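Proteins get letters first, then strands, A, B, ... in listed order; numbering begins at 1 in each. Note that the structure is predicted; figures quoted are calculated from it, not measured.
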Protein chains: 2
Amino acid sequence: MKDLHGTKVTLEEVAQAAGVSRATASRVLTSDPRVSPDARRAVERAASKLGYVPNQAGRALATGRSDAIALVVFEPTTLLFGDPFFPRLIRGLGDVLTSRDMQLILLAPQSAPDSDRVERYVAAGHVDGALLVSLPTSHTLPGRLASRGIPLVIGGRPTEPDRFNYVDVDNVAGAAHAVAHLVAGGRRAIATVTGRKDVPAGQDRLRGYQEGLKTAGLPADDALIEAGDFTRDGGARAMRFLLIKRPRLDAVFVASDLMAVGVLQALAEAGRRVPEDVAVVGYDDDPMAAGLQPPLSSVRQPIEEMGREMARLLMDAVHSPDRPPRKVLLTTRLEVRFSSAPVAPKLTGEAL
Amino acid sequence: MKDLHGTKVTLEEVAQAAGVSRATASRVLTSDPRVSPDARRAVERAASKLGYVPNQAGRALATGRSDAIALVVFEPTTLLFGDPFFPRLIRGLGDVLTSRDMQLILLAPQSAPDSDRVERYVAAGHVDGALLVSLPTSHTLPGRLASRGIPLVIGGRPTEPDRFNYVDVDNVAGAAHAVAHLVAGGRRAIATVTGRKDVPAGQDRLRGYQEGLKTAGLPADDALIEAGDFTRDGGARAMRFLLIKRPRLDAVFVASDLMAVGVLQALAEAGRRVPEDVAVVGYDDDPMAAGLQPPLSSVRQPIEEMGREMARLLMDAVHSPDRPPRKVLLTTRLEVRFSSAPVAPKLTGEAL
DNA sequence: CCTTCATATGGGAGCGGTCCCACACTCTAG
DNA sequence: CTAGAGTGTGGGACCGCTCCCATATGAAGG
């Protein structure tokens, strides 16, 4: 009803209106128990009547905290917004943060100067800590922030795992599991479209692929490995190369579902049927995976859980800055769909 | 080289190290001209040696500004991240903001309490102003923020156009243009899949569709109008309804490209050829539009330009708070591709 | 009835900047 | 040689809040 056009209301005015001192008013607003019910009521009434909102700068200056954390994403804006990974991660973060009344601030440095800007932003005390995701290998930002004493949690395996808090999914096991599944389905010439090689997740999924082949006793063949870049078009391009180099491949493990879309498209163009001629397994279990033609088998990562763990770790780091770095490793689950159905049993087979 | 583990460096210390007063050091850091070259050099050396970063809270408290603005997006997180609109908008905003050393803070309220939280956040002085986009009709947030004297710019047409700064694209003209193009291609039974009716853009595109029909002298037919929700699946669903209600339609104007993907899918399922049987025109000119089968004609909005204009308007509003509200209207362009090719000329036609 | 203790409250010192104002000093002009 | 203007600098108030510390008040205990 009564709003006070533009005039910023201060705690002083609220205290005056409530007939108490600034200190008492402050206690009410910070939920300090040592206030009489009368005073509390009076302050609350005055605050809501005046439309009082505590000034962030004043509070931050006095407390040394900002009640906000940064999510720093090293990803071109277009990819950031294209990738379903982020909404899921943010949802997980939100689960933990909103309950503690913490703000999440998204920063997406696009260049080296941007990266410096992030450092200044964080060092200026805008936030109490930072979450770093899709960090390029051996980026210096974590080290620089750490040396300023900023609480940090990294998403994915950092270059120096012992120095930082981090949360990762077991990408190696996830990829190996996918390969084992393809082998179990009777596939023998299993190719892979990798992710970006400068991202640990990309490296680990490739390693898992290789380990999976080894476990199955299948030979390694570099011509069955083609680099992608986590984009749809990159996936299509890689698949076309693979088909030229190894026309007789019968399965592909793709390091992301987005790339798998491109892969399916390239296979369709080449007249290969999925899964009859070529089985495909993706990674991420994107919501669209089940809706593709054919429905795409995919390695599901517990991304929301990852967000929750990252937020928890950071909260701990903010509150006890001297605790040694911790790590959390989460496991994946393979969602089996039609794109990786087993090869039809040879009619010469034994059973049946 | 020398970093100072965790210790926050203050201006006082920099001044001391440079052998000047805090006031002089402050002048150097705020690029005040009234400093001797000697003092300037000394302060700059000291600051970089100590790794000094000005404390945001202190500065904000003293200046009353935060050098940040909020982009408030009323959109479920999943949509926000799926929609190519936002990276483009953000790029446009960035063009203007980075040159003025302003931070962009993304807020995506998902619920009514979230919306209150945004109000508090902005009112607390975290940001100097706010950009509001995809605001549901008659949402109260703009009014509430305005009554607190917060500089505001709205993306899209607000409910009370005279009260706020806003930037909009001429959705009516864009949609009418698309319809005119379909008419020129020989189509007569032109349907539409609308956007969300609670968003001005959705309303305006529908109105443009209706005006387009009227201009062409074609009858209005409510059965040719089906509501979508700006999602792919919503588009597919709407198209299926249209095909049941009006099997003989020969063109569809779809209020977004994402929905158009669903529309194309539904048409393919129904065995309709595009553009032979049904012409399709989308809206947004999503990067993927050209890559669809068939390549999709689409109304292109100058989204980056919209971002730039919004940022400029807000900067002006921040610096001169008493200026009356301004509006900027941007025009669209129709990208013609194969999905709306003209009907084959009847062989009984006159020419050739 | 006077201490002792718990509890509610106010005074006031910072937090780290900015910026107004006064001051010293140099330079020019009368 | 001195008044006046111009220039660089330091002192210190202030921004709005939190929180330590001292004080007032009332209840409990000897």
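No contact: B:Ala60 has no heavy atom under 4.0 Å from any strand. Within the 4.0 angstrom heavy-atom criterion, no nucleotide atom of any strand lies near A:Ala57.
If you measure from atom CD of A:Glu12 to atom P of C:dG10, you get 11 Å, rounded to the nearest angstrom. With rounding to whole Å, B:Gln16 atom CD is found 14 Å from D:dG10 atom C1'. Atom P of nucleotide D:dC20 and atom CZ of A:Arg27 are separated by 10 Å, given to the nearest angstrom. For B:Asp32 and D:dT7, the CG to P distance is 13 Å, given to the nearest whole Å. If you measure from atom CG of A:Leu29 to atom P of D:dC17, you get 9 Å, rounded to the nearest angstrom. Distance, B:Leu61 CG to C:dG17 P: 12 Å, rounded to whole Å. In this structure, A:Asn55 places its CG atom 16 Å from P of C:dG17, rounding to the nearest Å. One can place CG of B:Leu11 at 13 Å from C1' of D:dG10, the figure rounded to the nearest angstrom.
Applying the 4.0 Å criterion to OP1 and OP2 of D:dG16, one finds that A:Arg59 has every side-chain N and O outside that range. The phosphate of D:dG8 (OP1 or OP2) has no side-chain N or O of B:Arg34 nearer than 4.0 angstrom. Phosphate contact (OP1/OP2 of C:dC19, side-chain N/O of B:Ser26, threshold under 4.0 Å): absent. The side chain of B:Ser36 contributes an N or O atom lying less than 4.0 Å from OP1 or OP2 of D:dT9.
Ranking D:dT9, C:dG10, D:dC15 by closeness to the B:Val35 side chain, first place goes to D:dT9. Of the candidate nucleotides D:dG11, C:dC15, C:dG12, C:dG12 has the atom nearest to the side chain of A:Arg22. Which of D:dG10, C:dG12, C:dT9 sits closest to the side chain of B:Val20 comes down to D:dG10.
Summarising the geometry, atom CG belonging to A:Asp114 is positioned 9.5 Å from atom CG belonging to A:Leu107; distances are rounded to the nearest 0.5 Å.
Salt-bridge annotation for B:Asp67 and B:Arg100: absent, with no side-chain N of the basic residue lying under 4.0 Å from a carboxylate O of the acidic one. Under the 4.0 Å criterion applied to side-chain N and carboxylate O atoms, A:Arg41 and A:Glu44 are not assigned as salt-bridge partners.
Remark: side-chain polar atoms of A:Gln110 are paired, donor with acceptor, to backbone N or O of A:Thr77 under 3.5 angstrom.
Note: B:Tyr121 and B:His126 have parallel aromatic rings, judged against thresholds of 30 and 60 degrees for the angle between ring planes.
A residue-by-residue look at B:Thr63 and B:Pro33 shows that B:Pro33 has its nearest nucleotide of DNA chain D further toward the 5' end.
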